[in-house]
J.: 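First the structure, then my questions, so here it is.
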2 protein chains.
Amino acid sequence: MIKQFRGSPEEADLRRADSLAREIFSDVANKWAFLIIETLGERTLRFSELRNEVEGISHKMLTQNLRMLERNGLVERKVHPTVPPRVEYTLTEPGQALRATVDGMCGWTHQYLGHIEASRSRFDA
Amino acid sequence: MIKQFRGSPEEADLRRADSLAREIFSDVANKWAFLIIETLGERTLRFSELRNEVEGISHKMLTQNLRMLERNGLVERKVHPTVPPRVEYTLTEPGQALRATVDGMCGWTHQYLGHIEASRSRFDA
DNA sequence: CAGGATCCCGCCGGATACTG
DNA sequence: CAGTATCCGGCGGGATCCTG
């Protein structure tokens, strides 16, 4: 990504920004994060609701990814101090922005389902 | 995703399509695949060129992901029967379509870099 | 109900060596 | 140069138990 500015004073900053970008990319570009974002959509859901709707996710993976998303400011975590506790998750504005991308990928998947299935059959032969 | 059509004759097909979609999603929604797609862009690159440009990827991960992408019909693999061998990889049309999504995510990352960094600092405190 | 802590198995993925 | 095969350490992630 960085090819120019070799040795220039801006270089250090650019490298930092670049490595941070890569780090964020690694965090977020994972299957579970995407599915969570997609499931949340514009709704507000509780932990257990997410657990039920994101098919196949384990307790642990859900908490881990929610923490990660919260840390990066993509979801807001709201705790209601009741008993039993009630914790709600909502996409923030950056989260919503990313959701547009994830939506795009879902659309892509459905659009090319046929192509892909055919390609697989060809390849596996 | 599937809520309607319970018990209808279409149900089986829908379930298949759905599970296939999830499978594709799991395949493709991973860091290395994204970075490879992004790196390829509109160019045609050799194995070793990819290895150099996709920073930090190992030999093994590169081959694995290229195979996966080829199998799903996202990249075309062209072998030149010369010695030494020359193998070139190019995004197919479905691959290009997905690249649009990945590009979107890259843009997103850079756009919200500041927000995210700030959010992290807050969270880590 | 939300979620930390722990245990532990499986496989992910890096390093290395070998073929065409 | 591109790619397969093998080995193996580390951690990913599931299952389970425990708190507020």
Side-chain angles (χ1 to χ4, degrees), chain A residues 22-37 39-40 43-72 74-92 122-125, chain B residues 22-37 39-40 43-72 74-91 123-125:
Chain A
R22 293 182 62 82
E23 198 183 318
I24 295 169
F25 206 85
S26 300
D27 264 16
V28 173
N30 98 60
K31 165 189 168 186
W32 290 126
F34 275 24
L35 288 174
I36 291 171
I37 289 171
T39 302
L40 269 177
R43 301 180 293 170
T44 292
L45 294 179
R46 306 180 56 174
F47 184 86
S48 50
E49 292 171 336
L50 273 170
R51 177 122 174 63
N52 290 330
E53 295 215 25
V54 180
E55 187 173 8
I57 197 169
S58 71
H59 184 105
K60 189 175 180 178
M61 281 303 95
L62 183 54
T63 9
Q64 273 189 12
N65 278 277
L66 283 174
R67 287 295 159 278
M68 181 274 286
L69 291 173
E70 186 192 0
R71 182 171 118 94
N72 288 314
L74 303 198
V75 304
E76 192 198 355
R77 178 167 176 272
K78 192 164 204 168
V79 183
H80 299 261
T82 62
V83 43
R86 176 188 195 83
V87 183
E88 297 179 328
Y89 294 91
T90 319
L91 287 183
T92 62
R122 242 177 290 121
F123 187 93
D124 294 341
Chain B
R22 292 183 62 82
E23 198 183 320
I24 295 170
F25 207 86
S26 301
D27 263 17
V28 173
N30 97 60
K31 165 189 168 183
W32 290 127
F34 275 24
L35 287 174
I36 291 171
I37 289 171
T39 302
L40 268 179
R43 301 179 293 168
T44 292
L45 293 179
R46 307 180 56 173
F47 184 86
S48 48
E49 292 171 335
L50 273 170
R51 177 119 174 65
N52 290 329
E53 295 214 25
V54 180
E55 187 173 4
I57 196 170
S58 72
H59 185 104
K60 189 175 180 178
M61 281 304 96
L62 183 54
T63 10
Q64 273 189 11
N65 278 277
L66 283 173
R67 287 295 159 278
M68 180 274 286
L69 292 173
E70 185 191 0
R71 182 171 118 92
N72 288 314
L74 303 198
V75 304
E76 191 197 356
R77 178 166 176 273
K78 190 163 206 171
V79 182
H80 299 261
T82 61
V83 40
R86 176 187 195 86
V87 183
E88 295 179 329
Y89 294 91
T90 319
L91 287 183
F123 187 91
D124 294 342

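Order of the sequence lines fixes the chain letters, A, B, ..., with proteins taken first and strands second; residue numbering starts at 1 for each chain.
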J.: To the nearest Å, how far apart are B:Arg67 CZ and C:dG13 P?
T.: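 These atoms are roughly 17 Å apart.
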J.: Using the test ring pair (Phe, Tyr, Trp, His ring centres under 6.0 Å), find all partners of A:His80 that sit at least two apart in sequence or belong to another chain.
T.: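 Once residues adjacent in sequence are excluded, A:His80 has no partner under the ring pair (Phe, Tyr, Trp, His ring centres under 6.0 Å) criterion.
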J.: For B:Ser48, check side-chain hydrogen bond (donor to acceptor under 3.5 Å, both in side chains) against everything at least two apart and list the hits.
T.: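 Partners of B:Ser48 under the side-chain hydrogen bond (donor to acceptor under 3.5 Å, both in side chains) test: none.
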J.: For B:Glu23, enumerate each residue passing the salt bridge (Lys or Arg N to Asp or Glu O under 4.0 Å) test, keeping only those at least two apart in sequence or located in another chain.
T.: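 Residues passing salt bridge (Lys or Arg N to Asp or Glu O under 4.0 Å) with B:Glu23: A:Arg120.
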J.: Out of D:dG3, C:dG20, C:dA2, which nucleotide sits closest to the side chain of A:Arg77?
T.: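 Closest nucleotide to the A:Arg77 side chain: C:dA2.
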J.: Of all residues at least two apart in sequence or in a different chain, which pass the ring pair (Phe, Tyr, Trp, His ring centres under 6.0 Å) check with B:Phe25?
T.: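 Listed in chain order: nothing, the list is empty.
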J.: Between A:Val87 and B:Pro85, name the one whose nearest nucleotide on DNA chain C is closer to the 5' end.
T.: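 Result: A:Val87.
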J.: Applying side chain to side chain contact (heavy atoms under 4.5 Å, CB included), name anything that partners A:Thr44, two or more places apart in sequence or on another chain.
T.: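 A:Glu88, A:Thr90.
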J.: Please enumerate all residues that pass salt bridge (Lys or Arg N to Asp or Glu O under 4.0 Å) together with A:Arg46, with sequence neighbours excluded.
T.: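 Residues passing salt bridge (Lys or Arg N to Asp or Glu O under 4.0 Å) with A:Arg46: none at all.
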J.: Quick one: B:Glu88 CD to D:dC1 P, roughly how many Å, whole number?
T.: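 One finds 15 Å between P of D:dC1 and CD of B:Glu88, rounded.
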J.: Run B:Leu69 and B:Tyr89 through side chain to side chain contact (heavy atoms under 4.5 Å, CB included) and show every step you take.
T.: CA-CA 10 Å; B:Leu69 292 173; B:Tyr89 294 91; over 6 Å; no
J.: Got a list of side-chain donor-acceptor pairs under 3.5 Å for residues 57-64 of chain B, not counting sequence neighbours?
T.:
residue	atom	partner	partner atom	Å
B:Ser58	OG	B:Met61	N	3.2
B:Thr63	OG1	B:His59	O	2.7
B:Thr63	OG1	B:Lys60	O	3.1

J.: Output the rounded distance in Å from NE2 (A:His80) to P (C:dA2).
T.: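 Value for this atom pair: 11 Å.
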J.: Let me know the distance between CG of B:Asn30 and C1' of C:dG13, rounded to the nearest Å.
T.: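 Taking atom C1' of C:dG13 as the reference, CG of B:Asn30 is at 12 Å.
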J.: Atom pairs under 3.5 Å, N or O on each side, protein against nucleotides 13-15 of chain D: can you list them with distances?
T.:
residue	atom	partner	partner atom	Å
D:dG13	N7	A:Lys60	NZ	2.8
D:dG14	OP2	A:Ser58	OG	2.3
D:dG14	O6	A:Lys60	NZ	2.5

J.: Hey, can you pull the residues of residues 44-52 of chain B with a non-hydrogen atom under 4.0 angstrom from DNA chain D?
T.: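 DNA chain D contact set from residues 44-52 of chain B: B:Arg46, B:Phe47, B:Ser48.
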J.: Please round to 10 degrees the angle between the axis of the first five pairs and the axis of the last five pairs in the helix from C:dC1-D:dG20 to C:dG20-D:dC1.
T.: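 For the helix from C:dC1-D:dG20 to C:dG20-D:dC1, the axes at either end differ by 40°.
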J.: Please lay out, stage by stage, how B:Met68 and B:Ile36 fare under the test side chain to side chain contact (heavy atoms under 4.5 Å, CB included).
T.: CA-CA 12 Å; B:Met68 180 274 286; B:Ile36 291 171; over 6 Å; no
J.: Which residues satisfy the salt bridge (Lys or Arg N to Asp or Glu O under 4.0 Å) test with B:Arg43, sequence neighbours excluded?
T.: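 Salt bridge (Lys or Arg N to Asp or Glu O under 4.0 Å) list for B:Arg43, sorted by chain: B:Glu53.
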J.: Considering residues at least two apart in sequence or located in another chain, which fulfil the salt bridge (Lys or Arg N to Asp or Glu O under 4.0 Å) criterion with A:Arg77?
T.: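 In terms of salt bridge (Lys or Arg N to Asp or Glu O under 4.0 Å), with neighbours along the sequence ignored, A:Arg77 is linked to no residue.
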J.: What is the separation between atom CG on A:Leu62 and atom C1' on C:dG4, rounded to the nearest whole Å?
T.: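 Going from CG in A:Leu62 over to C1' in C:dG4 covers 14 Å.
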